[in-house]
Amino acid sequence: MNKIKSKSVIYYPIFLNLRGKRCVVIGGGNVALRKVKVLLDCGANVTMISPKLRPEIVKLSKRKAIHLIQLNYKKEDLEDAVIAFACTDVKMVNRKVAADAKKVGVLVNVADDPGPSDFIIPSFFRRGNLTVAISTAGVSPALARRIRTKLEKSFGKEYTSLLSIIREIRSAIKRKRIIVEPEIWQEA
């Protein structure tokens, strides 16, 4: 097996299907709110744990968009979770969430602290079914954001329409059992 020698972590890029899956966000501030919004966009079943909350989070709870536990975090909060996000202002709490998550096999992200995290969040944007994600392996989130901002200008709303057309064409081709070489798809 080929082993790469590196001082930094080499992350495996992946897009997760979180629709209907339990995702836990510990924290009640701006960072936690951003995580919750993205998880809701993905159709996740979101549980948020924090004794203090932003008003927007309370509104989400009242609309039944999220399950809210307005208490301090405890290990049992991770039960049946697929992933967890530790987004509190208290480093020791975030580290405890990470340690507990590892013990029960839940993937965890600690905001602004890749060390105890199992995964990091890239800077990304969407155009319908097109998602473009940029990562610097946590070295410079600001650079990832800058690159994302530049790329966003190159990919307009027309990509949403293009992907709808491609979906229809691919479905028709598959139904007819026609095999198209990858190079032809690229050229088309």
Rounded to the nearest 0.5 Å, how far apart are [atom1] of [X] and [atom2] of [Y]?
X: Ile69; Y: Asn72; atom1: CD1; atom2: CG; result: 12.0 Å
X: Glu79; Y: Thr47; atom1: CD; atom2: OG1; result: 11.5 Å
X: Lys21; Y: Asp80; atom1: NZ; atom2: CG; result: 13.5 Å
X: Leu107; Y: Leu16; atom1: CG; atom2: CG; result: 7.5 Å
X: Ile166; Y: Tyr159; atom1: CD1; atom2: OH; result: 9.5 Å
X: Phe124; Y: Arg145; atom1: CZ; atom2: CZ; result: 13.0 Å

(message) Run the side-chain contact (heavy atoms from CB on, under 4.5 Å) test on Leu71 and Ile49 for me, step by step, so that the C-alpha distance in whole Å, both residues' side-chain angles and the decisive distance to 0.1 Å come before the verdict.
(response) CA-CA 6 Å; Leu71 297 169; Ile49 298 134; 5.5 Å; no

(message) Walk me through whether Ile83 and Asn109 qualify under side-chain contact (heavy atoms from CB on, under 4.5 Å).
(response) CA-CA 8 Å; Ile83 61 173; Asn109 170 266; over 6 Å; no

Same cluster or not: [X] versus [Y], using hydrophobic residues (I, L, V, M, F, W, Y) connected whenever any side-chain heavy atoms lie under 4.5 Å apart?
X: Val38; Y: Ile14; answer: no
X: Ile147; Y: Ile121; answer: no
X: Ile10; Y: Val139; answer: no
X: Phe15; Y: Ile134; answer: no
X: Val108; Y: Val25; answer: no

Closest heavy-atom contact between [X] and [Y]?
X: Pro122; Y: Ser135; answer: CB-CB, 4.3 Å
X: Ala65; Y: Leu40; answer: O-CD2, 3.3 Å
X: Ser61; Y: Leu68; answer: OG-CB, 3.5 Å
X: Arg95; Y: Pro116; answer: NE-CG, 3.6 Å
X: Tyr11; Y: Pro13; answer: O-CD, 3.4 Å
X: Leu163; Y: Asn129; answer: CD1-C, 3.7 Å

(message) Heavy-atom count check: over 12 atoms from other residues, nucleotides or ligands less than 6.0 Å from Glu158 CD?
(response) yes

[Y] side chain reached by [X] side chain, heavy atoms, under 4.5 Å:
X: Val9; Y: Ile120; result: no
X: Met48; Y: Ile57; result: yes
X: Arg126; Y: Leu130; result: no
X: Val82; Y: Arg22; result: no
X: Arg175; Y: Ser171; result: yes
X: Leu151; Y: Phe125; result: yes
X: Leu60; Y: Leu33; result: yes
X: Ser50; Y: Gln70; result: no

Between [X] and [Y], does at least one N-O distance fall below 4.0 Å, as a salt bridge requires?
X: Lys102; Y: Asp118; answer: yes
X: Lys37; Y: Asp41; answer: no
X: Arg54; Y: Glu56; answer: yes

(message) Classify the ring geometry of Phe119 against Phe85: parallel below 30°, tilted from 30° to 60°, perpendicular beyond 60°.
(response)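 Phe119 and Phe85: perpendicular rings.
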
(message) Treating Arg34 as the side-chain partner and Gly29 as the backbone partner, does any N or O pair qualify as donor plus acceptor under 3.5 Å?
(response) no

(request) Check whether any side-chain N or O of Ser164 sits under 3.5 Å from a backbone N or O of Thr160 as a donor-acceptor pair, and report yes or no. (result) yes

(request) Determine, step by step, whether Lys91 and Asp113 satisfy the side-chain contact (heavy atoms from CB on, under 4.5 Å) criterion, reporting the C-alpha distance in whole Å, the side-chain angles of both residues, the deciding distance to 0.1 Å, and the verdict. (result) CA-CA 9 Å; Lys91 188 173 186 171; Asp113 193 359; 4.1 Å; yes

(request) Please lay out, stage by stage, how Tyr73 and Asp100 fare under the test side-chain hydrogen bond (donor to acceptor under 3.5 Å, both in side chains). (result) CA-CA 11 Å; Tyr73 162 79; Asp100 291 345; 2.8 Å; yes

(request) Just do the side-chain contact (heavy atoms from CB on, under 4.5 Å) check on Val132 and Arg148 with the steps written out, would you? (result) CA-CA 8 Å; Val132 177; Arg148 182 209 70 218; over 6 Å; no

(request) Would you mind telling me which of Val46, Asn45, Leu39 makes a side chain to side chain contact (heavy atoms under 4.5 Å, CB included) with Leu18? (result)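 That would be Leu39.
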
